[in-house]
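Quick note: numbers below take in every heavy atom, side chains included, and nothing from hydrogens, waters or symmetry partners. Residue numbers count from 1 along this sequence.
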Amino acid sequence: MKRYKNLKFGGIQHKIFNLVLIVIILMIAAYTAVIYYQVRNINRLVSETTEKQEESIGEISGQTMSAVIESSLTSSSKMQATISDDLFQNLQSQVYTLGESVKKIFENPDEYYEHPFSVPDISRKGQTYVQTITEDGIDLDEPVLNKKLGLVSNLNDTMCSVYNNTNLNSYFIALPEGAVLITDDRPEAKITEDGDVLTLPVRERPWYVGAEKTGRLFFTDVEEDAFTGQIGIVCSFPVYVGGELVAIVGADMFLDSMSEAIASSENEGSFMFIINEKGHVVFSPAKEGLFQVKASDEAIDLRGNDNLEFSNFINETFNETVTPRLLEVEGTNYYMSGSPMATVGWAVISVARKDVVDQPTKSMMDQFAAVQKQATDNYHKEMRFALLTIVILVLVIMALAIIGALVLAKRIVKPLERITERVHDLGGDDLQFCMEDAYKTGDEIEILAESFAMLSAKTLEYVAQVTKVTAEKERIGAELSVATNIQASQLPRLFPAFPQRPEFDLYASMTPAKEVGGDFYDFFLVDNDHVCLVMADVSGKGVPAALFMMISRVLIKARIQNGEPIDEAISNVNNQLCEGNEAELFVTVWAAVIEISTGRGEAINAGHEHPCIRRAGGEFELEIYRHSVAVATMEDMVFKKHEFQLNPGDSLFVYTDGVAEATDSHDELFGNERMLKALNKNPDASPKEVLENVMDGINEFVAGAEQFDDITMLCMKYTGV
């Protein structure tokens, strides 16, 4: 390395200068070459780009409008179909429900009284009640008809309730004898000007004929209501008992809202229309042409239209939602999308004229041409100015680069040399690197020096902390070992637990996820003829859960041994644990008291897992019933008892959620199915072997994965001997 004045040749300072200078020269050369090349080609590319942009914008605009049309038409037809189909599904559901009720009455007529029935009464105008209408010449006092009307009148309150809570026009039950019970609030519509009650050819109405003929749920075409003249649809259902038609039930619904929705859909070349299962247009805003509504005897079946593409489209809409297609109908191009109404077999079709849809694209292309011309003129002007600016900047940058390289090389090297010397001297007991003024350069070098100083300080601090933490860890380990032994000693571990009692055998185990856990089990004799079993799981893990566990166990055992019924005992324990529960811990509890002589038991399940019961000669199965809330969640809670019966040879298995939620390395749970499989590996085994089989199944499943929850189990086999 040679030195000339303040410059070092061959050293870091010289190398930095050369490197910076070479990099800048190469960058300027490359930049100049790229600019020169781009300027030569850019004019050619501008014209080509303009043409491609026009083509691309036209294509993208068309695609965008197609996407908009597809989304708009599909969503509008699908939404209208969904809304309408929901109405028909609700109508169908109400009719099915009424049919089941009528069938039940006619299958068991002796279980029902004959209720009185009413005829239309104009004084009850506006009131919802069931009114009886007959065909001309039918006598309501005829014994068979009178008896049937009295029986189905048991449903008067039900029919009125359904009518008042739905949007039905009417709710009715028709009898083959020529009478019908109609529920609505318009009795005046069934009375003539002379005050006589209108008759109705019940067995000739389309809804009666259709349901009787098909023998299943039937929807009529859109038709006028017999009394109000409003358009609507009727859903009817035949009721058979012993193969004989006993009634036809049904409901009808006005379709004014659907008609208004379709009428209001017309907007600048787009609209919607609805076709029925026969391919007839039943709702449409069109006043003429193929899409207008016509009487059923004049209506055209669109499914068989001569336009094959159009007829295929119509047929597809009855089966699935059809995305927009461009179709020519009667000399006009339309985008069409359709969705089915599965309940009634209808379809909703959305339509938009193509010329209206394409108008925004044409306007956009005209505006683009004008903007593009102005942009091209501005581009040529700015390009000339940019070239001149680039030349000047290159010269200025070259001069500044040479000066900057010299200054930078000198500024970087000096403090680095000082840092290197100090770091080289560190060693032995001298590990302290201190900041000096020479290192305070205000850049990365100062940060590097500060990092060395911080690393030096942290190294000394770490050495001291390691010594302290090691001692503390040894102390905590010793305390946790003591805590583990204390917790384990609190649970009964001597087996067989009651060798003097041949009537039953039991075994229990707990494997905590940490040194100490929150699960616990317990079993003890309440008196000479009653044994208590407890399985519980405290929320949380570690020492807090273990302390809460010990308190909960002591309280539960004390209450039950004191003679309190199990539901009262758990309720009292709940209130005690809620007092001062600032940590907001809670415990799920399954507890049972079993009468040893009879096997009859009473259990409380406070938010715990479902127990498993194995009947003699059978397999373990989950015993599922409704839980109470967990203990210590809220004061003054009521805990419901569940009674069960153990017979000789039956076994009972209870556990905590750590069994079913044991997790393997792929985060898959052990689950109830695998647990039952392990239980039933040898269901007639002793309680200890049963628990060992379950634990073996868990260990095989998790395959060494870390245990995240306590695993606690208890099994009791009742011999009754």
Query raised in the report: Would you say F237 and L98 make side-chain contact, with heavy atoms under 4.5 Å?
Result: no
Report task. Indicate whether the side chain of D537 and that of T656 have a donor and an acceptor atom separated by less than 3.5 Å. Result -> no
**Report entry** Trace of the side chain to side chain contact (heavy atoms under 4.5 Å, CB included) decision for L679 with C612
**Finding:** CA-CA 9 Å; L679 286 169; C612 296; 4.0 Å; yes
Query raised in the report: Taking I596 as the fixed residue, which of D529, V526, D527, N528 is the one that meets the side-chain contact (heavy atoms from CB on, under 4.5 Å) rule?
Result: D529
Requested in this report: Would you mind telling me which of H642, E609, H610, H608 makes a side-chain hydrogen bond (donor to acceptor under 3.5 Å, both in side chains) with H627?
Outcome: H610
Requested in this report: Kindly assign one of parallel, tilted or perpendicular to the pair F219 and F88, based on the angle between their ring planes and the thresholds 30° and 60°.
Outcome: perpendicular
Requested in this report: Run the numbers on V638 and K640 for side chain to side chain contact (heavy atoms under 4.5 Å, CB included), then give the verdict.
Outcome: CA-CA 6 Å; V638 176; K640 185 177 180 180; 6.0 Å; no
Report task. Mind running side chain to side chain contact (heavy atoms under 4.5 Å, CB included) on L168 and V162 for me, showing each step along the way? Result -> CA-CA 9 Å; L168 300 179; V162 171; 4.2 Å; yes
Query raised in the report: Do the side chains of I560 and F524 get nearer than 4.5 Å, heavy atoms only?
Result: yes
Report task. Decide yes or no on salt bridge (Lys or Arg N to Asp or Glu O under 4.0 Å) for D505 and K688, but give the supporting numbers first. Result -> CA-CA 9 Å; D505 182 21; K688 180 179 180 181; over 6 Å; no
Query raised in the report: Hey, are the side chains of L87 and M341 touching, using non-hydrogen atoms and a 4.5 Å cut-off?
Result: no
Requested in this report: Check whether any side-chain heavy atom of I594 sits under 4.5 Å from a side-chain heavy atom of F644, and report yes or no.
Outcome: yes
Report task. Look up atom CZ in F639 and atom OG in S571, then write down how far apart they are to the nearest 0.5 Å. Result -> 6.0 Å
Query raised in the report: F498 vs F523 aromatic rings, parallel, tilted or perpendicular, using cut-offs 30° and 60°?
Result: perpendicular
Requested in this report: Please examine the side chains of Y521 and V654, heavy atoms only from C-beta on, and report whether any two atoms are closer than 4.5 Å.
Outcome: no
Query raised in the report: Taking only residues two or more places apart in sequence, or in another chain, which ones meet F653 in a ring pair (Phe, Tyr, Trp, His ring centres under 6.0 Å)?
Result: Y655
Requested in this report: Determine, step by step, whether T321 and E316 satisfy the side chain to side chain contact (heavy atoms under 4.5 Å, CB included) criterion, reporting the C-alpha distance in whole Å, the side-chain angles of both residues, the deciding distance to 0.1 Å, and the verdict.
Outcome: CA-CA 8 Å; T321 297; E316 288 181 31; over 6 Å; no
Query raised in the report: For A705, does its backbone N or O pair with a side-chain atom of S665 as donor and acceptor, under 3.5 Å?
Result: no
